[in-house]
Amino acid sequence: MNFVIIGGDAAGMSAASRAKRRNPDMEVIVLEQTKDVSYSACGMPYNIADPERDIDDLIVRQPTVFREKQGIDLRTGHRVEAIDPGKGTVKGRTLDGGPFQVEFDELLIATGASALIPDLPGFDLPGVMSLKSLEDGRRIKRFIKEHRVKQAVIIGMGYIALEMSEALRTRGIEVVLIKPNPLFLPWMHEKLSRAVREEMEAKGVQLYPGHEVKGIEQGDSRLRVICADRALEAQMVLVAIGVQPNSGVAQDAGIALSIANSVAVDRGLLTSKSHIYAAGDCADAYHVVTGEKTWIPLALRANRAGWAVADTVTGKAVTLPGVAGTAVFKVFDLEVAHTGLTVEEAAEHGFEPVEMTIQGRTRAHAHPGGSSIGVHMVGDRKSGRLLGVQMVGREGAAHRIDAPAVALHGKMTVEEFVQCDLAYAPPFSPVWDPMLTAANQLLKSL
Ligand SMILES: Cc1cc2nc3c(=O)[nH]c(=O)nc-3n(C[C@H](O)[C@H](O)[C@H](O)COP(=O)(O)OP(=O)(O)OC[C@H]3O[C@@H](n4cnc5c(N)ncnc54)[C@H](O)[C@@H]3O)c2cc1C
């Protein structure tokens, strides 16, 4: 019995390692189109910030380790172009163009996502780049060094754009961010979003929300990002407007797709075809708050889904509860964290959302070193359930968010959350943690 995996990063290599650990006799074949496997994409902005660090430090495990120590048949430079679910085969081409075909008993599609690149003039010019793969990271680092980049424009204001702003500013590069939506962080409560915006501006980043990019031109020595009312000059342009699932091969094989064209899977990660699973950024998931399908491309759920498929194909059927959309990122000296639904999302899913925003302290009164933390909380008037939380602070937001995330998984009411026995000591929080204060305030308006 063999297990074939398409894609050799978070979901794919987690699945391969887990399957081999649970059943060393199983033949596990991984087909990865690039030469890189098992690296921390999430670490790339921080690595790019430091010219002394080799970007290959982000490789968690080298291909030779998978092959020689774990016995995984890892074939890099193998791009899968077609799946035949009836015959149980995948076909494709190697990097040198040679065709290959592999038979499978169980198949995992773990093809991830690709950066969105708008179909506009100039987005293929040298110096216009995106950051998704390790090779993208290498290219960006090399470009900054060789061209002594001093000015960059980032198109987009998602978390990768924000992390890259910090990385580039750390290297002394002037950074301008631009996007069409006039709202800076549209999913975030206005008060919290303002704090992030002020932090970025204080660190020298120029923000132009509400400007649609029409194209990019090559000037004499600089690229020109063209908008209706201005042109921004830069040596380098980073396109960070989001990602789309790599689901084309699945779709061509007649496998059903779902939200945002991600591969539709059940709670056991099975696609619409038997013996074919999908996991990670290419696949959808259930949202633990709404119970409906969602597509949230993040790392933990990719690793977890890869594990789950490996467990299932090695005889221990696993089903996953789903995701809460918990995420955290750093913007210079701020921690930005969120989990669950926004007010708008809650209303769209039939809840009667009530919101509360408070400003608290990260440490006990009079304890040195504390700072302000903003907490925004959403509850449902009908059921009393906690629906979502956002936090922004100089410390303590990143790990605090895990408490409400667990509460969302437990489908707790705000009242139940208020009664949770959370840890307290002066260096870490006030007796009433700002999260509990927000929940207490929210309870009054539910
Ligand atoms: C800059 C950056 C920062 C990030 N930061 C965070 C963070 O802080 N926290 C977080 O949770 N997430 C973060 N992410 C997202 C996280 O990296 C992804 O959610 C995770 O890598 C998804 O894993 P995956 O295995 O599903 O897909 P991928 O990592 O995209 O891997 C898919 C693999 O499949 C291969 N492949 C695709 N098509 C084929 C084919 N036809 N044949 C063969 N191989 C194929 C690709 O080459 C790739 O190696 C970040 C991503 C980026 C780019």
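In what follows, residues are counted from 1 in the order of the sequence shown. One-based numbering, in listed order, for ligands and for the atoms of each. These values consider heavy atoms only, across backbone and side chains, with no hydrogens, waters or symmetry-generated copies.
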> Is it the side chain (CB and beyond), the backbone, both or neither of A110 that lies under 4.0 Å from ligand 1, heavy atoms counted?
Replying inline: backbone

> Counting heavy atoms only, which part of I160 comes closer than 4.0 Å to ligand 1: side chain, backbone, both or neither?
Replying inline: side chain

>> For E163 and S165, which I'm curious about, is there any donor-acceptor pair between the side chains at under 3.5 Å?
In response: no

> Quick check: does C282 get an N/O under 3.5 Å from an N/O on ligand 1?
Replying inline: no

>> Salt bridge check, D54 against K141: does any charged N sit closer than 4.0 Å to a carboxylate O?
In response: no

>> Any side-chain to backbone donor/acceptor pair from E335 onto V328? Under 3.5 Å, distance only.
In response: no

>> Below the 3.5 angstrom mark, is there an N/O of Q33, backbone or side chain, next to an N/O of ligand 1?
In response: yes

>> Under 4.0 Å from a heavy atom of A302: which atoms of ligand 1 are those, numbered in the order shown and with their elements?
In response: 22 (C), 23 (O), 26 (O)

>> As an exercise, identify every atom of ligand 1 less than 4.0 angstrom from a heavy atom of G112.
In response: 26 (O), 27 (O), 28 (P), 30 (O), 32 (C)

>> Using a plain distance cutoff, I'd like to know if A11 has any nitrogen or oxygen under 3.5 Å from a nitrogen or oxygen of ligand 1.
In response: yes

> With a 4.0 Å cut-off, would you call R18 and D311 a salt bridge?
Replying inline: yes

> For ligand 1, which atoms, with element, lie under 4.0 Å from some heavy atom of A10?
Replying inline: 23 (O), 25 (O)

>> Check this for me: does any side-chain nitrogen of one of R394 and E199 sit under 4.0 Å from a carboxylate oxygen of the other?
In response: yes

> Quick one: does E163 get an N or O within less than 3.5 Å of an N or O on ligand 1?
Replying inline: no

> Given that the side chain starts at C-beta and the backbone is N, CA, C, O, which of these parts of Y159 lies under 4.0 Å from ligand 1, counting heavy atoms, or is it both or neither?
Replying inline: side chain

> For atom 18 (C) of ligand 1, what's the nearest protein heavy atom and its distance?
Replying inline: D281 OD2, 3.3 Å

> Does a salt bridge link R171 with D50, judged by any charged N lying under 4.0 Å from a carboxylate O?
Replying inline: no

> What atoms of ligand 1 come closer than 4.0 angstrom to any heavy atom of G280?
Replying inline: 26 (O)

> Applying a 4.0 Å heavy-atom criterion (strictly less than), which segment of A299 is in contact with ligand 1: side chain, backbone, both, or neither?
Replying inline: both

> Does K293 make a cation-pi contact with Y286 (under 6.0 Å, within 45 degrees of the axis)?
Replying inline: yes

>> Regarding E198 and R194, does a basic nitrogen lie under 4.0 Å from an acidic carboxylate oxygen?
In response: no

> Which word best sums up how the rings of H211 and Y208 line up, parallel for under 30°, tilted for 30 to 60°, or perpendicular for over 60°?
Replying inline: perpendicular

> Are R75 and F100 in a cation-pi setup, meaning NZ or CZ lies under 6.0 angstrom from the ring centre and within 45 degrees of the ring axis?
Replying inline: no

> Backbone or side chain, does any N or O of D36 fall under 3.5 Å from an N or O of ligand 1?
Replying inline: no

> Looking just at side-chain N and O atoms, do T111 and N246 make a donor-acceptor pair shorter than 3.5 Å?
Replying inline: no

> Of R304, R267, R301, which meets side chain to side chain contact (heavy atoms under 4.5 Å, CB included) against L320?
Replying inline: R304

> Identify the closest protein heavy atom to atom 41 (N) of ligand 1: which residue and atom is it, and at what distance?
Replying inline: V80 O, 2.9 Å

> Which atoms of ligand 1 are found less than 4.0 Å from any heavy atom of I6?
Replying inline: 40 (C), 42 (N), 43 (C)

>> Against ligand 1, does R301 come closer than 4.0 Å with any heavy atom?
In response: no

> Between N246 and ligand 1, is there a nitrogen or oxygen pair with a distance under 3.5 Å?
Replying inline: no

> Any idea which part of L31 is under 4.0 Å from ligand 1, heavy-atom wise: side chain, backbone, both or neither?
Replying inline: backbone

> Is there a donor in the side chain of D36 and an acceptor in the side chain of T34, or the other way round, less than 3.5 Å apart?
Replying inline: no

> Who's the nearest protein heavy-atom neighbour of atom 37 (C) of ligand 1, and how far?
Replying inline: T111 O, 3.2 Å

> Applying a 4.0 Å heavy-atom criterion (strictly less than), which segment of S133 is in contact with ligand 1: side chain, backbone, both, or neither?
Replying inline: neither

> Any ion pair linking R169 and E166 (charged N to carboxylate O, less than 4.0 Å)?
Replying inline: no

> Which residue owns the protein heavy atom closest to atom 35 (C) of ligand 1, what's the atom, and how far is it?
Replying inline: E32 OE1, 3.1 Å

>> Heavy-atom pairs closer than 4.0 Å: do any link ligand 1 to the side chain of H78, the backbone, both, or neither?
In response: backbone

> Going by the order shown, which atoms of ligand 1 are within less than 4.0 Å of some heavy atom of P297?
Replying inline: 19 (O)

>> Give me the nearest non-hydrogen protein atom to atom 9 (N) of ligand 1 as residue plus atom name, then the distance to 0.1 Å.
In response: C42 SG, 3.9 Å

> Which of the numbered atoms in ligand 1 are below 4.0 angstrom from a heavy atom of L131?
Replying inline: 1 (C), 53 (C)

